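Since the structure comes first, as structure tokens, the remarks are kept for the end.
Only this structure's heavy atoms are used, side chains among them; waters, hydrogens and symmetry mates stay out. Since the structure is predicted, the reported quantities are computational estimates derived from the model, not experimental observations.
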Amino acid sequence: MRSSLAVAVSILALATGVGQAQQATQAPPGQERLDVTEEWSTVTLPEASPHWIWVLDVAFDNLIASRINIFDGDSGKFLGVVHSGFVPNLLLSPDKREIYVDETYWSRGSQGDRVDVVSIYDARTLLRTGEVILPQGRALIVPKLPTAQLSPDGRFLLSFNMNPATSVSLVDIRERRYVGEIETPGCSFVYPTGPRSFSLLCPDGSFADVTYDDSGRAQIANNQPFFDAESDPVFEHAAIDVAGGRGYFLSYEGMFYEVAFENGRTRVTDRWSLTTAEEKEDGWRPGGWQLVSWHPGLRRAFVLMHRGPRWSHKQPGEEVWVVDPEANAIVDRFALEEPSISLLVTPDAEPLLATLTDTGVVGIYDPESGEHLRSIDGTGVTPFLLHAAGG
Amino acid sequence: MRSSLAVAVSILALATGVGQAQQATQAPPGQERLDVTEEWSTVTLPEASPHWIWVLDVAFDNLIASRINIFDGDSGKFLGVVHSGFVPNLLLSPDKREIYVDETYWSRGSQGDRVDVVSIYDARTLLRTGEVILPQGRALIVPKLPTAQLSPDGRFLLSFNMNPATSVSLVDIRERRYVGEIETPGCSFVYPTGPRSFSLLCPDGSFADVTYDDSGRAQIANNQPFFDAESDPVFEHAAIDVAGGRGYFLSYEGMFYEVAFENGRTRVTDRWSLTTAEEKEDGWRPGGWQLVSWHPGLRRAFVLMHRGPRWSHKQPGEEVWVVDPEANAIVDRFALEEPSISLLVTPDAEPLLATLTDTGVVGIYDPESGEHLRSIDGTGVTPFLLHAAGG
Amino acid sequence: MQRETVLDRWIERLSRRFAQRSSRRSLLARLGVALVGGALLPLLPVDRSGQFRRARAQAFFENAQAEDDTQCNYWRYCAMDGYLCTCCNGGVTACPPGAEPSPTSWVGSCVNPQDGNTYLIAYRDCCGKEVCGRCPCLSTEGEMPVYRPQLSNDIDWCFGARSMVYHCTGAGIVGRA
Amino acid sequence: MQRETVLDRWIERLSRRFAQRSSRRSLLARLGVALVGGALLPLLPVDRSGQFRRARAQAFFENAQAEDDTQCNYWRYCAMDGYLCTCCNGGVTACPPGAEPSPTSWVGSCVNPQDGNTYLIAYRDCCGKEVCGRCPCLSTEGEMPVYRPQLSNDIDWCFGARSMVYHCTGAGIVGRA
């Protein structure tokens with residue numbers, strides 16, 4: 001009965017409509033109609049420039065609706081957006097062809113069944129081309145770079161878990177499958193140290209060093225503590241130069257730790273203070289969120305510094321200090337237009353330095369002169385992280 | 001291998017931790033510890049007061065993450081929130097025990113599989129207690145009251161569909177099941193007219209009148225147009241008094257149409273202009289979003305009015321005009337603190353008038369004196385609709 | 001005739017999407033008024049009531065410009081509702097990366113201040129991607145309630161696209177009115 | 001002894017949630033350091049480094065007050081990160097309607113300006129409901145990186161709750177430090 005009624009009524013409507021249409025067709029003679037019809041298309045992005053800045057906005061006001069906004073650091077132009085889920089992590093493939101988002105969804109917005117997933121996007125179309133489900137979940141923490149990392153060749157994605165026991169999920173990106181879980185009890189994050197190795201930070205102030213193979217078999221080795229985790233812990237964000245076999249960690253109080261990566265093992269080779277006694281007296285400390293970035297060509301670390309009391313480790317940086325780890329020296333420092341929580345130096349030969357305020361303003365600077373080139377507003381509601389392709 | 005490694009390392013960690021714990025336990029003798037431990041609980045709401053104002057925020061900046069914020073109109077206090085999906089509609093059960101949200105989700109945020117659903121919440125705990133899936137979808141339009149309605153006894157939920165063919169899905173709330181689809185080709189919305197009847201507005205300016213039974217069998221009857229849909233259409237929002245068997249519709253240009261509901265049929269009984277020739281000359285028009293509300297005890301309609309040109313039908317109202325449909329007269333008018341897109345008069349014997357700006361400020365007024373009692377800020381990012389329980 | 005071409009293309013595309021209703025006749029019956037609207041689209045601006053001609057005198061047109069399509073008062077946006085695709089790395093008739101132009105649209109009739117002519121504008125939503133969030137605009141010249149869907153901008157006009165998720169809106173010329 | 005009671009309760013509750021790992025021994029092995037933290041929680045304020053005592057001199061405590069628990073400088077919030085439940089129709093130890101207090105927490109050590117004493121504060125997330133969005137606060141007195149989870153406020157601390165979705169945070173006294 002319902003369908004016959006439907007047909008009857010819609011035929012009536014259709015008849016009426018056609019009648020009106022014919023009537024209208026006969027309206028004003030001589031008047032041109034339909035002389036232009038524009039075609040529609042969809043924009044495709046070119047290969048990412050190393051000066052594109054990817055801003056990850058965790059969107060604290062709606063954690064299930066985070067987003068990744070892409071800007072051209074040279075022009076400030078908005079290039080596109082990838083919408084993401086609960087406390088996501090972003091990874092850009094080394095060949096710049098794909099984007100991976102390590103993220104969490106629920107089947108009814110913030111209710112229903114939880115799923116943890118690596119979403120795969122084409123970097124030019126920004127279309128979601130696949131996903132790999134993470135059956136062991138993932139660590140739900142405010143996004144930090146070492147929460148998920150790629151192997152240097154881009155073959156594997158390593159995703160840190162905390163439930164609250166800790167482990168690392170291994171995803172084979174090439175084969176689009178979950179390989180397994182590497183147990184890393186008590187230690188956190190993923191710092192790649194070589195082609196098939198990474199290290200973690202442990203609560204006692206030591207590294208745990210992990211090597212793994214393509215089938216997910218892993219070996220873990222412990223080390224002696226290299227910092228005092230009670231009195232002066234190192235930040236989670238560090239400057240990692242896998243190709244160069246080096247990593248640089250810094251502490252709340254400004255200690256700078258230089259680490260060599262050798263066959264998947266860590267060895268702390270040097271430690272010194274970023275600040276002089278006088279600067280300490282003035283309260284200079286590193287701080288913010290993504291507070292350090294490494295440029296392999298310049299062989300410099302860029303660090304956000306501020307003046308503040310102890311426990312001000314999340315305070316935005318007012319200056320950038322340029323660190324030469326070979327000379328154990330601050331070789332430059334310059335003031336920022338606005339205090340910033342995160343920074344990134346692009347990985348190319350003519351790099352830009354991008355900074356990020358907690359209100360979503362990206363500043364673009366020349367990292368060698370410190371000159372402020374431009375600012376980009378509206379990069380997010382509560383953005384935290386900056387990424388660049390090929391970095 | 002992985003699990004034995006895990007156990008080995010975690011036992012190590014545990015041993016270390018326990019050692020530290022024991023050490024600490026022996027620290028400062030005589031110092032009190034753990035002398036207070038506070039219990040935690042969860043707040044449960046009382047039965048909704050008729051003065052509670054439910055603000056539906058469609059959240060244009062994140063359409064998948066809308067929300068319904070609840071405030072006490074007497075105190076301005078925030079009482080709770082129900083997080084909802086894509087362009088939701090809210091319905092409050094007549095017995096005030098449940099909340100229904102007619103909404104749409106995708107399995108991966110804004111990607112993946114779509115599901116349309118009536119979510120059922122307990123009104124006191126705000127816990128999601130069930131859902132009924134809508135297999136025929138629902139109309140995805142910016143939320144308007146007539147997009148989904150309950151039968152007057154609360155037994156059935158009627159959800160308008162547009163795909164773009166139109167129909168109405170019938171959900172049996174008591175039995176928590178989808179009953180079926182009532183085809184309503186070409187006509188839109190749900191205006192309840194009786195216990196098991198509703199009407200729709202058709203593109204030619206007429207009503208279609210539908211009666212249905214508990215098994216979902218429906219009959220549809222057409223009518224002659226009662227307004228000119230080309231030159232002066234009626235707004236979607238209308239003042240509906242099902243118990244009183246009356247409905248009041250108004251047009252872009254301020255015509256007021258009085259409709260009698262009799263055994264599931266509509267009959268237009270009167271039509272007159274809200275504005276005098278002089279007021280028309282000054283540009284007075286109805287406008288906004290939820291621009292009219294009816295109080296059955298006062299027997300008055302409250303209408304948002306503004307001065308603006310033709311096609312300013314979504315412009316916020318600067319005044320509220322109080323309409324007596326028996327006298328065909330404006331019996332009062334008062335200015336608002338801030339131009340508002342929506343309004344609601346609470347259904348109780350000592351009613352409040354609530355208004356809503358497009359920036360999320362709710363104004364609370366005495367509907368009889370027009371006195372501004374208070375304002376409530378921060379009711380949403382882009383809120384559109386106001387609801388009250390038992391209305 | 002262009003009217004039939006547009007209509008046919010729309011039906012054909014919808015038919016492919018809704019494969020279970022593949023015959024033109026049954027689709028026509030199914031779509032009812034929506035299709036009526038489809039057929040009517042190019043003709044509305046010259047309808048008998050003359051409402052669009054009267055509308056020319058209104059506020060939008062007085063402030064319209066033809067230079068910057070990232071502003072709400074760009075002349076084509078006289079009945080716009082949504083985020084401008086031109087602010088989202090799309091264009092006035094191009095969807096931003098990752099979004100798909102809907103095969104369906106609502107329409108408006110806008111005056112181009114450069115030639116003084118009235119053009120029929122198809123407002124197409126770009127779909128399949130959560131909102132862009134840049135340059136929200138609302139204009140309501142000739143905009144009608146939802147029960148006249150082809151002229152209503154409150155509707156998610158992603159009908160026929162792969163996904164009903166709304167990203168932004170463009171404004172393409174369909175013809176002279 | 002209270003320490004064991006709190007710990008036992010937490011293990012018991014987690015055990016019920018993670019039913020597949022129901023023996024206390026296997027759960028202990030599984031949780032590893034997290035449990036170490038659980039055991040350590042009430043004891044940290046008197047650890048040898050004395051960091052919390054030094055921290056008393058810092059900025060937060062100078063501006064703290066004990067009157068209004070809907071303000072970020074309410075004394076218990078010295079290591080708070082999140083939306084205050086007190087602004088969301090919850091309380092300092094009560095979750096708003098529809099949210100569940102997490103059985104787990106991070107901790108801080110805050111000075112009550114009324115009695116000058118230092119109290120161990122358990123910051124519990126209220127869970128199972130998308131963010132409240134009112135009164136965001138961040139304080140970092142004694143706050144540690146995520147690799148020391150019990151002292152880190154960047155973690156979604158809904159472990160053991162029915163859902164990991166974060167709504168707001170409260171601050172309950174666990175004991176005197």
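Crowding of D/Gln65 atom CD: a count of heavy atoms from other residues, nucleotides or ligands under 6.0 Å exceeding 12. Within a 6.0 Å radius of CG in B/Asp113, other residues, nucleotides and ligands contribute 12 heavy atoms or fewer. Other residues, nucleotides and ligands place no more than 12 heavy atoms under 6.0 Å from the CZ atom of B/Arg97.
Contacts between D/Val92 and chain B at a heavy-atom distance below 4.5 Å involve the backbone alone (N, CA, C, O). Of the atoms belonging to D/Ala94, heavy atoms from both backbone and side chain fall under 4.5 Å from chain B. Contact of D/Cys85 with chain B is not made at all, since no heavy-atom distance falls under 4.5 Å. B/Thr125 touches chain D through its backbone: at least one of N, CA, C or O sits under 4.5 Å from a heavy atom, while the side chain does not.
For the pair D/Arg124 and B/Glu38, the salt-bridge criterion is not met [side-chain N within less than 4.0 Å of a carboxylate O].
The shortest side-chain heavy-atom distance between D/Pro101 and B/Thr42 falls under the 4.5 Å cut-off. D/Glu130 places none of its side-chain heavy atoms less than 4.5 Å from the side chain of B/Val81. By the 4.5 Å heavy-atom criterion applied to side chains, D/Asn89 and B/Leu45 are counted as neighbours. Taking the side chain as every heavy atom from C-beta outward, D/Pro96 and B/Val43 never approach each other to under 4.5 Å.
Of all non-hydrogen atoms in D/Pro97 and B/Leu126, the two that sit nearest each other are CB-CD1, 3.7 Å.
With hydrogens and angles disregarded, no donor-acceptor distance shorter than 3.5 Å links the side chain of B/His83 to the backbone of D/Cys132.
Identified by a heavy-atom distance below 4.5 Å to chain D, the contributing residues of residues 65-78 of chain B are B/Arg67, B/Asn69, B/Phe71, B/Lys77, B/Phe78, in residue-number order.
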